[in-house]
Novice: 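This is the structure I want to talk about, given as structure tokens.
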Amino acid sequence: MILQIIKNQGFKYFLFRVWYEFKMRSGILRKKFPSKTKPDIYISLKDWKSLNVPFLFSCRNSLKVVRVNIKQLESDYQKILAGSIQFFNHEWREVNDWHVNINTGFKYDITKHWTQIEDFSNEAGDIKYVWEKSRFTYLQEVMRYDHHFQKDSSEFVFNEIDSWIEENPLNMGPNYKCSQEISLRCLNWIWVLYFYKDSEALNEKRWNKILHSLNWQIKHVYSNIDFSRICVRNNHAVTECLTLYIAGLLFPFLEDSKKWLLNGKKWFEQEIDYQVYEDGTFLQFSHNYQRVLTQLLTFGISISKIHNNYLSKNTISKAKKLVNYMKHCCIGEKGEMPNYGNNDGALFFKLTNHDFADFRPQINALYGSVYSAPLYVEGNALEESEWFGVSYKELSLPISNELSASITSYNQGGIFTISDESDDSFTFFKCAKYRDRPGQADNMHLDIWMNGLNYLRDSGTYKYNTDEQLINYFAGTAGHNTIVVDGHNQMTKGPRFIWYDWTRTVKVNVSQEGKEVIIDSEAEMFYSLSQPVVHSRKIIKSRPNHWLVIDTVIGKEKNVPMVQSWQINPDFSDMIVIKSFNELDEEINLKKDRGYWSESYGKMVEIPSWQFVSLGNEFRTEITISPIS
């Protein structure tokens, strides 16, 4: 497996990881990240205010966010005051302790240095349940409530921050384990510092306390940045680099601000260049993580403009490509995108009351920051843009130029779509050649939408730390609309987020002649079998409401079963007809099995999984959908 890791992620990664683990176990990192520091003398609160270092807004009175009476926001605000927060943007739970996992009751030991904390433990459970409140995203909802209803909750806000600082000694316990979590906490504190800048609740003592904590947390991020940039290299690295850049801009009076600014900006631009492919897709192969990147880019671009410290042309170009991909795939009637790839419920900056599954506010904000025009104007679609300080030259919507039954290829990300105006359908297909770490074994997955509704869909994610069977279902091949050979995943599952035997041999051809559109693909997979096989999938869309899917497996041993699965949206099961035939043109019996659907992180329900089982080498499958009239 060591050779697999080196092959997939490079020798530099392997050497760094080995050295990092040695430093963790030997105690070298404990010395690098101190738990006690000498008192520092910082700029006074009065002098900070007089500097008037610009943020997205200078204070609450300078905001240009249109006030709206949002009943849901008022309800959420009352829940937060009562001690609850919304976990993963779907479930309200009461939290009374910064260190207790509310699911398992496990309490982390804050006398342990963060290097001694296990982030994957059966006893402790999923550490994300501890991290969620310490992100402080909920303070943005309080801030928004105060703006829209013209109230002042600053005492509550600063009491929450005071409590966290008192109960989380520097570099001790679970809340210093992840540099991205630290970064998000710092960014959310910065938001409320500026919003409540002129509040009486922000006194000299609190200012020094918060600034001291911010300074040392950002020092932590800077000192540990190589781990994210070499070992993780995904949205974690982007978040951390952006935080350094923003901290360098906003706190020029701190001793390390210059190197935070220069290196943070440089690294942020490098990460965007590497992580956003030329076709606008993203190396994490996940729509929700791509939305995370969308918000981070909007934040970075907006604040760089305010400070006349502009990001590179290449970064803006990548932002345009990314948001155009997102726009293309945002086809749900309520702003949804296919639930593709890992989805941990992340929405770092909750600046609207739109449903979590609605991607439009985030797409709108980034689109506006690079094109100076919105994509959506109805409802409260502009609020996030306004919080980020995005200005528009005009409010006219761009004109769509999509053709009937048109196919769009995103070859680097392995995404292929068919947009058919004749039946208002959207076909989303994944077949990727991996050059970066995959999150799920979901190649050949097929999502089908019609009239903005998702009929055949991806199962989602559920949890990163749960029992092996559920991880294998959601992250593995069984939870996707494709085939499983002899019960095996397309790739071999390693520990935690690791996959071995990455899919690398891939061919995809697309063609269109008249009304017939064809995606013809093949990939070598299933290396955990006695010998790998080639799975080819041809998708033909030639008439409204109908899809023909031909799956062929080459190299499979005789009498080895293969299962073709379809994850059905139960709301529309009566409108879906699927028939499959083998290579002898014999109809295969439909088996209705139990599947799972995870709309949000930590949430799971049973759904029907329609399956066809064959000992042969081919499925010829016809899918017919009768849309809601």
Novice: Compute whether any side-chain donor of one residue and acceptor of the other, for Asn343 and Asn288, lie under 3.5 angstrom apart.
Specialist: yes
Novice: With the threshold set at 4.0 Å, does a side-chain nitrogen-carboxylate oxygen contact exist between Lys334 and Asp358?
Specialist: no
Novice: Are Gln440 and His480 close enough that a side-chain donor and a side-chain acceptor fall under 3.5 Å?
Specialist: yes
Novice: Check this for me, if you would: do Asp551 and Arg537 make a salt bridge, where the nitrogen-to-carboxylate-oxygen distance has to be below 4.0 angstrom?
Specialist: yes
Novice: Taking the side chain as everything from C-beta on, heavy atoms only, tell me whether Met326 gets closer than 4.5 Å to Met337.
Specialist: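 In short, these two side chains touch, coming nearer than 4.5 Å.
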Novice: Looking at CZ of Arg360 and CG of Leu375, how far apart are the two atoms once the value is rounded to the nearest 0.5 Å?
Specialist: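 The CG atom of Leu375 is 11.0 Å from CZ of Arg360, to the nearest 0.5 Å.
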Novice: Evaluate whether atom CD of Glu333 has more than 12 neighbouring non-hydrogen atoms of other residues, nucleotides or ligands under 6.0 angstrom away.
Specialist: yes
Novice: Would you please indicate if the ring centroids of Phe612 and Phe619 are separated by under 6.0 Å?
Specialist: no
Novice: Tell me, please, whether Tyr274 has Arg233 positioned over its six-membered ring: NZ or CZ under 6.0 Å from the ring centre and within 45 degrees of its axis?
Specialist: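 Yes, a cation-pi geometry holds between Arg233 and Tyr274.
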Novice: Looking at Lys603 and Glu91, is any side-chain nitrogen of the basic one under 4.0 Å from a carboxylate oxygen of the acidic one?
Specialist: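 Salt bridge between Glu91 and Lys603, a charged N being under 4.0 Å from a carboxylate O: no.
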Novice: Would Asp423 and Lys541 pass as an ion pair if we require N to O under 4.0 Å?
Specialist: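 Here Asp423 pairs with Lys541 in a salt bridge, since their nearest N and O are under 4.0 Å apart.
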Novice: So with a 6.0 Å cut-off around NZ of Lys23, is the heavy-atom count from everything else above 12?
Specialist: yes
Novice: Counting heavy atoms not belonging to Lys538, are there more than 12 under 6.0 Å from its NZ?
Specialist: no
Novice: Are Lys591 and Trp610 in a cation-pi setup, meaning NZ or CZ lies under 6.0 angstrom from the ring centre and within 45 degrees of the ring axis?
Specialist: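 Because its charged atom misses either the 6.0 Å distance or the 45° angle limit, Lys591 does not stack over Trp610.
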Novice: Would you call Glu21-Arg17 a salt bridge at under 4.0 Å N-O?
Specialist: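 Yes, charged N to carboxylate O under 4.0 Å.
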Novice: Donor-acceptor pair, distance only, cut-off 3.5 Å: does the side chain of Asn509 make one with the backbone of Asp520?
Specialist: no
Novice: Scan Asp447, Thr482, Asp442 and name whichever one has a side chain to side chain donor-acceptor pair (under 3.5 Å) with Lys430.
Specialist: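 Answer after filtering Asp447, Thr482, Asp442: Asp442.
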Novice: Quick one: does NZ or CZ of Arg457 land under 6.0 Å from the six-membered ring centre of Trp597, within 45 degrees of the ring axis?
Specialist: yes
Novice: Is atom CG of Asp467 surrounded by more than 12 heavy atoms (other residues, nucleotides or ligands) closer than 6.0 Å?
Specialist: yes
Novice: Could you tell me whether Lys128 sits above the aromatic face of Tyr601, with NZ or CZ closer than 6.0 angstrom to the six-membered ring centre and within 45 degrees of the axis?
Specialist: yes
Novice: Apply ring pair (Phe, Tyr, Trp, His ring centres under 6.0 Å) to residues Tyr129 and Phe87 and explain how you reach the verdict.
Specialist: CA-CA 8 Å; Tyr129 281 89; Phe87 279 78; 5.8 Å; yes
Novice: Which of parallel (below 30°), tilted (30 to 60°) and perpendicular (above 60°) describes Tyr464 and Phe497?
Specialist: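 Plane angle over 60°, so perpendicular.
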Novice: How long is the gap from CD1 on Ile415 to CZ on Phe428, to the nearest 0.5 Å?
Specialist: 3.5 Å
Novice: To the nearest 0.5 angstrom, please state how far the NE2 atom of His445 sits from the OH atom of Tyr340.
Specialist: 10.0 Å
Novice: Is it true that Glu622 and Lys579 have a side-chain N and a carboxylate O under 4.0 angstrom from each other?
Specialist: no
Novice: Between Tyr277 and Phe282, is the gap from one ring center to the other below 6.0 Å?
Specialist: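 No, ring centres 6.0 Å or more apart.
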Novice: Inspect the surroundings of CZ in Arg437 and state if more than 12 heavy atoms from other residues, nucleotides or ligands are less than 6.0 Å away.
Specialist: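 Count over threshold, so yes.
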Novice: Taking the inter-plane angle between the rings of Phe285 and Tyr434 on a 0 to 90° scale, is it parallel (under 30°), tilted (30 to 60°) or perpendicular (over 60°)?
Specialist: perpendicular
Novice: Against the six-membered ring of Phe359, is Arg291 placed for a cation-pi contact (under 6.0 Å from the centre, within 45° of the normal)?
Specialist: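 That pair qualifies as a cation-pi contact.
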Novice: Check whether more than 12 heavy atoms from other residues, nucleotides or ligands sit under 6.0 Å from atom CZ of Arg504, and answer yes or no.
Specialist: yes
Novice: For the residue pair Tyr596 and Phe474, categorise the inter-ring angle as parallel (less than 30°), tilted (30 to 60°) or perpendicular (more than 60°).
Specialist: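 Geometry flag for Phe474 against Tyr596: tilted rings.
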Novice: Would you please test Glu278 and Lys318 for salt bridge (charged side-chain N to carboxylate O under 4.0 Å, His left out) and show each step?
Specialist: CA-CA 7 Å; Glu278 286 298 324; Lys318 285 293 184 80; 3.6 Å; yes
Novice: Between Phe22 and Trp19, how do the two ring planes meet: parallel, tilted or perpendicular, split at 30° and 60°?
Specialist: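 Correct class here is parallel.
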Novice: Kindly say whether the aromatic ring centers of Tyr410 and Tyr325 come within a distance under 6.0 Å.
Specialist: yes
